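Here the structure is a predicted model, which means the values were calculated and not measured. All values below come from the heavy atoms of this structure, side chains included, with hydrogens, waters and symmetry mates left out.
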Amino acid sequence: MRDDPIVIALVGRASAGEQAAWDEIVERFAPLVWSICRRFRLSEADAHDVAQNVWLRLVEYLPSLREPAALPGWLATTTRRECLRVQRISWQQEKQLGQPEIDLPADEESTQVDRWVIAHERDSALRRAFADLGQRCRQLLAMLMRDPPEPYAKISSDLGIPVGSIGPSRARCLQQLRGSPFVAALAEGTTGRGERRDRRVVGR
């Protein structure tokens, strides 16, 4: 549940108007933008238009970005929406010219991008919910979620709580985590590997 310090630093510097930081963000995430354009089978000209619009939108959006580490997910979502917009315009133009509408099969790689974005947004919500917990709950859950989990004897010694209280305390902390408005949003639209992982963290 740690944000990427490199991305956080880049966003902070770019928000402060540092041109070098903007250039590094574009260089760092341009491959992500272009890979999504390729998965949508856009022409080179359309892909250039999509990329340009994505970076222009980022200039407008970056100052209001609450979670700097969420930048990759925002870029992927925005790029996908721009690709869909360009495809829609292209299909409308073809329809007006009397050309048959093209029914493209589902693209497995695009589906993977969707899953990546969903997992990223879910992880971001979990980080925010975890940060809202009290310090004792954060310490307890962090020790229990290590791989492997810390022994109860060590948890008892480090946190100063009886071994018999660890289980009930853990249950109360998880209940608080599940009750967070950030986690409540995870009930909708979760799929695939990320869903199983969240159940392991939040539901046990």
Side-chain angles (χ1 to χ4, degrees), residues 3-4 6-8 10-11 13-15 17 19-128 181-199:
D3 291 342
D4 187 337
I6 297 178
V7 175
I8 292 174
L10 282 175
V11 170
R13 289 162 49 202
S15 298
Q19 184 61 46
W22 277 105
D23 294 342
E24 190 170 345
I25 286 176
V26 174
E27 182 178 0
R28 183 183 183 88
F29 293 109
L32 171 64
V33 173
W34 283 105
S35 67
I36 296 174
C37 291
R38 286 195 298 270
R39 289 162 188 161
F40 277 84
R41 303 171 185 175
L42 300 184
S43 67
E44 184 175 353
D46 285 343
H48 276 288
D49 287 343
V50 166
Q52 183 177 17
N53 287 337
V54 169
W55 300 126
L56 287 174
R57 288 180 181 273
L58 180 60
V59 172
E60 300 173 354
Y61 177 77
L62 194 65
S64 62
L65 183 64
R66 294 182 178 180
E67 290 193 60
L71 176 61
W74 183 90
L75 286 172
T77 301
T78 303
T79 302
R80 185 175 183 276
R81 288 173 179 170
E82 283 294 313
C83 288
L84 288 171
R85 183 185 64 81
V86 169
Q87 276 191 339
R88 191 180 304 114
I89 293 173
S90 176
W91 292 342
Q92 289 173 348
Q93 290 175 344
E94 290 179 356
K95 188 175 182 180
Q96 290 173 356
L97 293 173
Q99 297 180 1
E101 206 170 305
I102 302 175
D103 185 13
L104 294 176
D107 191 327
E108 179 61 25
E109 291 186 346
S110 295
T111 302
Q112 292 297 329
V113 171
D114 290 341
R115 291 175 179 173
W116 180 85
V117 171
I118 291 171
H120 184 87
E121 293 176 348
R122 181 170 52 248
D123 291 345
S124 177
L126 280 171
R127 284 195 298 270
R128 297 171 71 181
F182 303 116
V183 173
L186 301 182
E188 301 179 1
T190 53
T191 58
R193 186 184 310 172
E195 180 180 1
R196 290 194 291 272
R197 182 184 61 191
D198 289 341
R199 286 176 179 166

Testing the basics here: between [X] and [Y], what is the closest heavy-atom pair and its distance to 0.1 Å?
X	Y	result
Ser15	Leu62	OG-CG, 3.7 Å
Ile8	Pro68	CA-CB, 3.7 Å
Trp22	Ala14	NE1-O, 3.0 Å
Leu42	Ala47	CB-N, 4.2 Å
Ala21	Arg13	CB-CB, 3.5 Å

Checking Asp4 against Arg28 for the salt bridge (Lys or Arg N to Asp or Glu O under 4.0 Å) test, could you report, in this order, the C-alpha distance in whole Å, the side-chain angles of both residues, the deciding distance, and whether it holds? CA-CA 13 Å; Asp4 187 337; Arg28 183 183 183 88; 3.8 Å; yes
Approximate separation, where rounding is to 0.5 Å, of Glu24 CD and Leu10 CG: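 Glu24 CD to Leu10 CG: 4.5 Å, rounded to 0.5 Å.
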To the nearest 0.5 angstrom, please state how far the CG atom of Leu58 sits from the CG atom of Leu65.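 With rounding to 0.5 Å, CG (Leu58) is 8.0 Å from CG (Leu65).
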Can you name the side chain to side chain donor-acceptor pair (under 3.5 Å) partners of Ser43, sequence neighbours left out?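 Per chain and number, Ser43 pairs via side chain to side chain donor-acceptor pair (under 3.5 Å) with Asp46.
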For Glu60, enumerate each residue passing the side chain to side chain donor-acceptor pair (under 3.5 Å) test, keeping only those at least two apart in sequence or located in another chain.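 None.
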Heavy-atom side-chain contact between Phe29 and Val7 under 4.5 Å: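 Side chain of Phe29 against side chain of Val7, heavy atoms only: contact under 4.5 Å found.
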Side-chain contact test, heavy atoms from C-beta onward, threshold under 4.5 Å: evaluate it for Ile36 versus Leu75 and give yes or no.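 In short, these two side chains do not touch, never coming nearer than 4.5 Å.
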Taking Cys83 as the fixed residue, which of Val33, Thr78, Val50 is the one that meets the side-chain contact (heavy atoms from CB on, under 4.5 Å) rule?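 Single side-chain contact (heavy atoms from CB on, under 4.5 Å) partner of Cys83 among Val33, Thr78, Val50: Val50.
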Between Trp34 and His48, is the side-chain contact (heavy atoms from CB on, under 4.5 Å) condition met? List the steps. CA-CA 9 Å; Trp34 283 105; His48 276 288; 3.6 Å; yes
Could you go step by step and tell me if Leu32 and Thr79 meet the side-chain contact (heavy atoms from CB on, under 4.5 Å) rule? CA-CA 9 Å; Leu32 171 64; Thr79 302; over 6 Å; no
Test side-chain contact (heavy atoms from CB on, under 4.5 Å) on Gln87 and Leu84 and set out the steps. CA-CA 5 Å; Gln87 276 191 339; Leu84 288 171; 4.2 Å; yes
Has Ser64 got a side-chain atom pairing as donor or acceptor with Tyr61's backbone, closer than 3.5 angstrom?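 Pair found, side chain donor or acceptor close to backbone of Tyr61.
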Tell me if a side-chain donor or acceptor on Thr77 pairs with a main-chain N or O of Trp74 at a distance below 3.5 Å.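 No, Thr77 side chain to Trp74 backbone: no donor-acceptor pair under 3.5 Å.
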Among residues at least two apart in sequence or on other chains, which ones pass salt bridge (charged side-chain N to carboxylate O under 4.0 Å, His left out) with Arg85?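 Scan of Arg85 (salt bridge (charged side-chain N to carboxylate O under 4.0 Å, His left out), adjacent residues dropped) gives Glu82.
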